Amino acid sequence: DEVAEAAKKEFARKGFCHVPGVVPNSYCAEMIREAKEHQDRGNCFLSDQTHNIFQLDEEDCVFEIQKRQVTSRKTIIDYGYLSKSSKLKGIYEDPALRKFIAQVINRKIYPSACPYNAGYYNLYYDGDG
């Protein structure tokens, strides 16, 4: 479809693409509530490291943007804490979205088997980045 073709062209040019509307606006408040709830329970940890934005080994980077090193500091709520009804899990596990992404990047993709970092919330505060 047109959206996938435009995203595919942008991805080929830039190494990333922005597709408005992938996450329904109605999910946002629920996801913020979920993240805050887990943080309040202490279901999170601080991550502080330097890496490229794709966390790839340099020899696996195709685009210059993939090689750029960033200092990353954030609070993470990992996949293992999320309930089966989590909106984030719903997005991550959506076969239609997986098919769309595979079409855009022109390769087959598979869900992660890792119960912790398949998907997660990143929380940023003053001094983080």
Side-chain angles (χ1 to χ4, degrees):
D1 74 0
E2 285 180 36
V3 174
E5 283 307 309
K8 189 174 187 172
K9 287 176 184 175
E10 183 178 8
F11 181 79
R13 248 185 5 264
K14 298 179 178 177
F16 68 92
C17 61
H18 173 76
V19 185
V22 170
V23 176
N25 288 336
S26 61
Y27 282 27
C28 293
E30 174 62 24
M31 293 169 72
I32 290 167
R33 183 204 58 74
E34 178 181 43
K36 175 90 172 100
E37 200 173 272
H38 283 291
Q39 183 185 26
D40 290 349
R41 284 193 222 136
N43 296 343
C44 56
F45 63 93
L46 181 65
S47 173
D48 191 358
Q49 56 187 226
T50 299
H51 55 78
N52 63 50
I53 61 174
F54 295 90
Q55 297 187 345
L56 295 171
D57 292 332
E58 188 162 341
E59 63 270 9
D60 294 328
C61 295
V62 176
F63 299 97
E64 282 304 310
I65 192 171
Q66 294 173 318
K67 296 176 185 177
R68 191 178 80 195
Q69 295 292 302
V70 295
T71 299
S72 175
R73 178 184 163 91
K74 61 199 166 280
T75 301
I76 295 176
I77 300 166
D78 73 42
Y79 204 71
Y81 288 120
L82 306 180
S83 71
K84 288 182 181 188
S85 64
S86 166
K87 295 293 187 199
L88 181 59
K89 272 192 173 181
I91 292 166
Y92 180 78
E93 296 172 2
D94 182 357
L97 181 59
R98 189 174 303 113
K99 181 180 175 184
F100 175 81
I101 294 168
Q103 183 179 356
V104 168
I105 66 172
N106 201 31
R107 68 173 66 170
K108 192 162 180 144
I109 61 172
Y110 303 91
S112 174
C114 181
Y116 305 109
N117 67 4
Y120 45 83
Y121 288 110
N122 289 336
L123 309 176
Y124 295 91
Y125 298 98
D126 288 339
D128 291 352

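Note that the structure is a prediction, hence the values are computed from the model and not measured.
Taking NZ of Lys74 as the reference point, atom CG of Leu46 lies at 9.0 Å (rounded to 0.5 Å). Atom CG of Asn43 and atom CG of Asp78 lie 8.5 Å apart (nearest 0.5 Å). Of the inter-residue distances, the one linking Lys36 atom NZ with Arg41 atom CZ reads 12.0 Å to the nearest 0.5 angstrom. A distance of 10.5 Å separates CD in Glu59 from NZ in Lys67, rounded to the nearest 0.5 Å.
The shortest distance between side-chain heavy atoms of Phe100 and Val19 falls below 4.5 Å. Thr75 is not listed as a side-chain neighbour of Phe45, based on a closest heavy-atom distance of 4.5 Å or more. The side-chain heavy atoms of Pro111 and Arg98, taken from C-beta on, include a pair separated by under 4.5 Å. In this structure, Leu97 and Ile91 have side chains that are in contact, with non-hydrogen atoms separated by less than 4.5 Å. In this structure, the side chains of Val70 and His51 come closer than 4.5 Å at one or more pairs of heavy atoms. Counting heavy atoms from C-beta outward, Tyr79 and Asn117 have side chains that stay 4.5 Å or more apart. Between Ile77 and Tyr120, the closest side-chain pair of non-hydrogen atoms is not below 4.5 Å. Side-chain contact between Asn52 and Cys61 is present, with at least one heavy-atom pair separated by less than 4.5 Å.
Listed for the Asp57 side chain is no donor-acceptor partner under 3.5 Å among the backbone atoms of Asp60. Within the 3.5 Å criterion, the main-chain N or O of Phe63 finds a donor-acceptor partner in the side chain of Gln66.
In this structure, Glu10 does not pair ionically with Arg13, as no charged nitrogen and carboxylate oxygen lie closer than 4.0 Å. In summary, Arg68 and Glu64 do not engage in a salt bridge, as defined by a charged side-chain N under 4.0 Å from a carboxylate O. The pair Glu5-Lys9 does not count as a salt bridge, with every side-chain nitrogen at least 4.0 angstrom from each carboxylate oxygen.
Placement of Ile105 and Tyr92 within a single hydrophobic cluster is found when ILVMFWY residues are connected by side-chain heavy-atom separations under 4.5 Å, directly or transitively. In the hydrophobic cluster analysis, where Ile, Leu, Val, Met, Phe, Trp and Tyr join through side-chain heavy atoms closer than 4.5 angstrom, Ile32 is grouped apart from Tyr125. Ile101 and Tyr110 are members of different hydrophobic clusters when ILVMFWY side chains are connected at heavy-atom separations under 4.5 Å. The cluster map of Ile, Leu, Val, Met, Phe, Trp and Tyr, joined by side-chain heavy atoms under 4.5 Å apart, puts Leu82 and Tyr116 in different clusters.
Residue Cys17 comes nearest to Ala7 through the heavy atom pair CB-O, 3.6 Å, listed as atom of the first residue, atom of the second, then distance. Here the shortest heavy-atom pairing between Gly127 and Arg73 reads O-CD, 4.0 Å. The shortest non-hydrogen separation linking Asp128 to Leu123 is OD2-O, 3.9 Å. Nearest heavy atoms, Leu88 versus Gly119: CD2-C, 4.5 Å. When all heavy atoms of Thr50 and Gln69 are compared, the pair lying nearest together is CG2-OE1, 3.8 Å.
The neighbour count for Asp1 CG, taken as heavy atoms of other residues, nucleotides or ligands under 6.0 Å away, is above 12. Dense packing is recorded around CD of Gln49, with more than 12 heavy atoms of other residues, nucleotides or ligands lying under 6.0 Å away. Residue-environment remark: CD (Glu2) stays at or below the threshold of 12 foreign heavy atoms within 6.0 Å.
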(message) Working note: Glu34 + Tyr121, criterion side chain to side chain donor-acceptor pair (under 3.5 Å); need CA distance, chi angles, decisive distance, verdict.
(response) CA-CA 9 Å; Glu34 178 181 43; Tyr121 288 110; 2.4 Å; yes

(message) Test side-chain contact (heavy atoms from CB on, under 4.5 Å) on Ile76 and Cys44; report intermediate values, then the result.
(response) CA-CA 5 Å; Ile76 295 176; Cys44 56; over 6 Å; no

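Both cation-pi conditions hold for Lys87 and Tyr27: the charged atom is under 6.0 angstrom from the six-membered ring centre and inside a 45 degree cone around its axis.
Using cut-offs of 30° and 60° for the angle between ring planes, the His38 and Tyr81 rings count as tilted.
At a cut-off of 3.5 Å, with distance as the only test, no side-chain donor of Lys84 or Ser86 sits close to an acceptor on the other residue.
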